[in-house]
Amino acid sequence: MSVEPQTTAAAMSAVDYDDAIVKKFIFATLLFGVVGMLVGVILALQLAWWPANLGLEWTTFGRLRPLHTNAVIFAFTGNFIFAGVYYSIQRLLKTRLFNDVLSNIHFWGWQLIIVSAAVSLPMGWTQGKEYAELIWPIDLSIAVIWVVFAINFFGTIAVRKVKHLYVAIWFYMSMVITIAVLHIFNNLSMPATILRSYPIYAGMTDALVQWWYGHNAVGFLLTTPILGLMYYFLPKSVERPVFSYRLSIIHFWALIFLYIWAGPHHLLYSALPDWSQTLGMIFSVMLIAPSWGGMLNGLLTLRGAWDRLRTDPIVKFWVVAVTFYGMSTFEGPMMAIRAVNSLSHYTDWTIGHVHSGALGWVGMAAFAMIYWLVPRLWKTTIHSPAAVTLHFWIATIGIVLYVVAMWSSGITQGLMWRAIDDAGQLQYPIFMDTVLELMPFYAIRLIGGTMYLTGMLMACWNILMTVRGAPASAAAARPATAK
Amino acid sequence: MSNYTPDQVLGHSDEADGIEEYDNRLPRWWVGLFVFSVAWSPAYAVHYHFVAERSQAGEWQAEMDAAAERWPQPTAEAVASMTVTPEVVAEGEAIYKTNCIACHGPELKGGIGPDLTDATWIHGGSRDQIVATVTNGVTEKGMPPWGPVLGAEKVFKVAAYVHQKGGGQY
Ligand code: HEM
Ligand code: HEM
């Protein structure tokens, strides 16, 4: 555990980085990636073929849906972010993580929270707020563990051996601070029993706080930290300079300032006052350029490395991830426009938008990072490069099937709901008729989702084989070189 | 910035784990997009609220007015003078299927709401009484008021259908 105060290349290699914690978070990412996506595939099956609900209360769609969203967002994406953040801040700041005990409390505490979610949600114990379903005792544990993470994170920044904070770290910081604030304020409630509590807000206020949280959970968990990881792992993977420092500054500040106000776009055409709906809409429109700033900085960093696109599957993963980021951040602002939202809201279009961000951006970025990181952590090469390329294609085709099916389904559904015949009557007054029309799309989504899950399973196999084949000495924590 | 040359590294890389950064200018079209969206947004807001004076309630009213003009509702007298014919009952059945099945069942045998075919009526089984129940609803018991939703003519038709299915003997 020698920490050198200098910043010379020789001293850098002497820093004893904590890679054991990064490895743990990677294993957790893989495990919960499989669980979360498997539940996603089960949901897709249930929508295409209702008997898959099994007639048991614990396995019905209503109970498994929050299990899926919590597993993929907090367990899969969460663990992936923690792995990448803990790996990169040590290198960027040239110091070991602030405190090993805190790192381990963070890891085990987070996994314990996930396990309690996996039990409580199928039991039907819920607060009924989307993405904040977990009951108050679990919410309290999340707050505690998040504070542990924050201390460890800011502690590492405090003991850093460099002056300048690389752009990735600003993005991480925005996540650490904002998620804490959002989580605490949205979950303020009066406990009644161990399983039940009442929110301190009522009616429209409660809805507004909920979507202020919900939107920024997307913004500061599924977007900004992953942009931070992109700023570290993408240039590392292609060994090219980042396209523009000034673009990164401008799009960072614009993004975090504008994101916070856009929540009301989830409540268009509701009891929310008109002026706040307008606010949600215009802040979403203003988000296009700042979001695309991130996409541009990612894609333009690849200039001069396009030849690697053909040979290096990691570059392929990054290109698709960044492209889907650009697409979903164009689609989102369009859906926030009143006239578009009146068609898209309540339909599968939203589900398509969600998964082009989730599978395309978050998922592909996670795989790009993991495939780059694992061989370096275990000082070996990937077990099967061919399987990585195959994973890329299966996943990409899976996403396209999923998203195109949901766009078609969503627009069909929206148009059928509002269709009026010559006599001024609803053309499809029987709701069930509009549902049956969607069955083919649900089947296609099931195929796409199953392909994506298959890719996830291939990644697990490939990583496990890589780790098993790694030289034994690398298994023990060892000083790592920075380059 | 006169001596700007693209693709110059900043030289921070020893403080960024070896990652170099260029300080390239922002792409023109990107700046254009940003400026445009930031200018358009307040303009839209001012126009929506203060120039066009639009609102959600106003939008609803305008749609309802347009519908009322395109598909005029029959006057109260016209409804009062309607008679029950097989066509009216058939149309009533369609209205029933759309709006009432969820609570009263496809065969009118009840569910959330009561059986409408048996001889017991809580609110009276004459056609006029059914029209009144359906129009005003029994909100405290969970029967919605249909008058404002369906309009007098459709209420008349669906009531005719229910009345006939109920045996029509009252
Ligand atoms: C500028 C960026 C974005 C904007 C303005 C935006 C806007 C929107 C809008 C208008 C909706 C539909 C709300 C409704 O009708 O209920 C929505 C839903 C959603 N978006 Fe985005 N979006 C953006 C980017 C993203 C990204 C990158 C992701 C994921 C990684 C994402 C994830 C979601 C999710 C999960 C929902 C569903 C929320 C629910 O449960 O109803 N969004 N977004
Ligand atoms: C194999 C991959 C996946 C499949 C098959 C899948 C399937 C589904 C299904 C069927 C739903 C319910 C849609 C509905 O209610 O109509 C859903 C919801 C959702 N999924 Fe996935 N999913 C997958 C992966 C992911 C991943 C990786 C993420 C996030 C990182 C994600 C985030 C979400 C979210 C946020 C919702 C709620 C959307 C909303 O309320 O608007 N999913 N998913």
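Just so we're on the same page: letters track the sequence lines, and every chain starts at 1.
Comparing B:Leu33, B:Val31, B:Ile19 by heavy-atom pairs within less than 4.5 Å of chain A, the highest count is held by B:Ile19. Across B:Ala45, B:Ala57, B:Ser37, the residue that shares the most heavy-atom pairs under 4.5 angstrom with chain A is B:Ser37.
The distance between the ring centers of A:Phe171 and A:Tyr231 falls below 6.0 angstrom. Aromatic pair B:Tyr44/B:His49: ring centres not closer than 6.0 Å.
Just one of B:Lys109, B:Lys165, B:Glu107, B:His104 meets the side chain to side chain donor-acceptor pair (under 3.5 Å) condition when paired with B:Thr117; it is B:Lys109.
In this structure, the portions of B:Val38 lying under 4.5 Å from any heavy atom of chain A include both its backbone and its side chain. Only the side chain of A:Ile250 comes within contact range of chain B, judged by heavy atoms closer than 4.5 Å. B:Asn99 does not touch chain A: none of its heavy atoms, backbone or side chain, sits under 4.5 Å away. Proximity to chain A is limited to the side chain of B:Pro27, based on heavy atoms less than 4.5 angstrom apart. Interface residue B:Ala16: backbone and side-chain heavy atoms are both found under 4.5 Å from chain A. Only the backbone of A:Ser270 has a heavy atom closer than 4.5 Å to any heavy atom of chain B. With a 4.5 angstrom heavy-atom cutoff, A:Leu165 does not touch chain B via any of its atoms. No part of A:Pro333 comes within reach of chain B, as not one of its non-hydrogen atoms sits under 4.5 angstrom from that chain. Neither the backbone nor the side chain of B:Trp60 comes within contact range of chain A; no heavy atom of the residue lies under 4.5 Å from a heavy atom of that chain. For a residue to count as touching a neighbouring chain, one of its non-hydrogen atoms must lie under 4.5 Å from one of that chain's; by this rule A:Leu426 does not touch chain B. Heavy atoms closer than 4.5 Å to chain A are found in the side chain of B:Tyr48, but not in its backbone.
At least one donor-acceptor pair closer than 3.5 Å links the side chain of A:Gln277 to the backbone N or O of A:Leu272. In this structure, the side chain of A:Arg160 does not engage the main chain of A:Thr156 through any donor-acceptor pair within 3.5 Å. No donor-acceptor distance shorter than 3.5 angstrom exists from the side chain of A:Asn297 to the backbone of A:Gly293, with no hydrogens or angles considered. The backbone N or O of B:Ala160 sits nowhere less than 3.5 Å from a side-chain atom of B:Gln164 that would complete a donor-acceptor pair. A donor-acceptor pair is defined here as one N or O able to donate and one able to accept, closer than 3.5 Å; no such pair exists between the side chain of B:Ser13 and the backbone of B:Glu20.
Using a 4.0 Å cut-off between a side-chain N of Lys or Arg and a carboxylate O of Asp or Glu, A:Lys94 and B:Asp17 do not qualify as a salt bridge. Look at A:Asp19 and A:Arg376 and you find no salt bridge, because none of the NZ, NE, NH1 or NH2 atoms lies under 4.0 Å from a carboxylate O.
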What verdict does the ring pair (Phe, Tyr, Trp, His ring centres under 6.0 Å) test give for A:Tyr166 and A:Tyr232, after you've listed the backbone C-alpha separation in whole Å, the side-chain angles of each residue and the deciding distance to 0.1 Å? CA-CA 9 Å; A:Tyr166 180 60; A:Tyr232 181 82; 7.2 Å; no
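Figure legend: cation-pi geometry between A:Arg303 and A:Phe243 absent, as NZ or CZ is not positioned both under 6.0 Å from the six-membered ring centre and within 45° of its axis.
Using bins of under 30°, 30° to 60° and over 60° for the plane-to-plane angle, the ring pair A:Trp211/A:His266 lands in the parallel bin.
Across all non-hydrogen atoms, the minimal contact from B:Cys100 to B:Val158 is SG-CG2, 4.3 Å.
At a heavy-atom separation below 4.5 angstrom, chain A is approached by B:Lys154 within residues 134-155 of chain B. Of residues 335-346 of chain A, those residues with a non-hydrogen atom less than 4.5 Å from any non-hydrogen atom of chain B are, in numerical order, A:Arg338.
With a 4.5 Å cut-off on side-chain heavy atoms, B:Tyr4 and B:Asp23 do not count as touching.
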